[in-house]
Amino acid sequence: QVQLVESGGGLVQAGGSLRLSCAASGRTFSGNTMGWYRQAPGKEREFVADINGSGTISYANFVKGRFTISRDNAKNTVYLQMNSLKPEDTAIYYCQRPDINAWGQGTQVTVSS
């Protein structure tokens, strides 16, 4: 059974940075697409970024140039480096493995103005 565990969230001032991590269990991490989503209070969950097994990356328009997704297959971990954070980035951030619709428990990111 695949498990995804996010970490790295916290409280940061606007303009600051955080790096989220998602550690995945399971044997087939390296060939799978991994993604980050977020859900702000009162809003639907939305796509942030993903990276496939070949390293091809997609970003939501609202994070381009500020966030960077990466993966370390040796550590079964995917990262989301978030720079120039804004108060509107406040949300719970979730890691996802879309091929089996597996989700982590989420990590809270709060950006103060």
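Residue indices begin at 1 and follow the sequence shown. This structure is a prediction, so every number in the text was calculated from the model and none was measured.
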| task | Of all the heavy-atom pairs spanning Y59 and A49, show the shortest one and how long it is. | result | CD2-CB, 3.5 Å

| message | For W103, does the six-membered ring have the charged nitrogen or CZ of R45 within the cation-pi criterion, i.e. under 6.0 angstrom from the centroid and within 45° of the normal? | response | yes

| query | Side chains of L80 and V48: does their closest heavy-atom pair fall under 4.5 Å? | reply | yes

| query | Is there a side chain to side chain contact (heavy atoms under 4.5 Å, CB included) between Q96 and T33 once you walk through the steps? | reply | CA-CA 9 Å; Q96 188 214 26; T33 296; over 6 Å; no

| Heavy atoms of other groups near Q3 CD, more than 12 under 6.0 Å | no

| request: Could you grab the distance from atom CD1 of I69 to atom CD1 of I51, nearest 0.5 Å is fine? | output: 5.5 Å

| said: Measuring only between side-chain heavy atoms, which start at C-beta, is L20 closer than 4.5 Å to V78? | reply: no

| query | Is any side-chain heavy atom of L85 less than 4.5 Å from a side-chain heavy atom of F67? | reply | yes

| note | Rounding to 0.5 Å, atoms CG (N83) and OG1 (T68) come to a distance of 6.5 Å

| query | In Å, rounded to the nearest 0.5 Å, how long is the span from SG of C95 to CE of M34? | reply | 3.5 Å

| query | Say you draw a straight line from CG of N32 to CZ of R97; how long is it, rounded to the nearest 0.5 Å? | reply | 3.5 Å

| message | Check whether T90 reaches the backbone of V111 with its side chain - one donor and one acceptor, N or O, closer than 3.5 Å. | response | yes

| query | Is any side-chain heavy atom of D72 closer than 4.5 Å to a side-chain heavy atom of Y79? | reply | yes

| message | Are Y94 and V5 linked, directly or through intermediate hydrophobic residues, by side-chain heavy-atom contacts shorter than 4.5 Å (ILVMFWY only)? | response | no

| request: In sequence, state the C-alpha distance, the side-chain angles, and the governing distance for R38 and Y93, and then conclude on side-chain hydrogen bond (donor to acceptor under 3.5 Å, both in side chains). | output: CA-CA 4 Å; R38 71 185 189 184; Y93 284 71; 3.0 Å; yes

| request: Write down the atom of S113, the atom of P87, and the distance for their closest heavy-atom approach. | output: CB-CG, 3.8 Å

| request: Kindly say whether the aromatic ring centers of F47 and W36 come within a distance under 6.0 Å. | output: no

| message | Are the side chains of V2 and I100 in contact, using a 4.5 Å heavy-atom criterion? | response | yes

| said: Whether the side chain of D89 engages the backbone of K86 through a donor-acceptor N/O pair (distance < 3.5 Å, no angle test) should be reported. | reply: yes

| request: Heavy atoms only: give me the nearest S25-Q1 pair and the separation to one decimal. | output: OG-O, 3.5 Å

| said: Strictly distance-based, threshold 3.5 Å: is any side-chain N or O of R71 a donor or acceptor partner for the main-chain N or O of N52? | reply: yes

| said: Grouping I, L, V, M, F, W and Y whenever their side-chain heavy atoms are under 4.5 Å apart, do I57 and M82 come out in a common cluster? | reply: yes

| said: Measuring from atom CD of E46 to atom CD of Q39, what distance do you get when rounded to the nearest 0.5 angstrom? | reply: 9.5 Å

| request: State the OG-CD distance between S70 and Q81, to the nearest 0.5 angstrom. | output: 8.0 Å

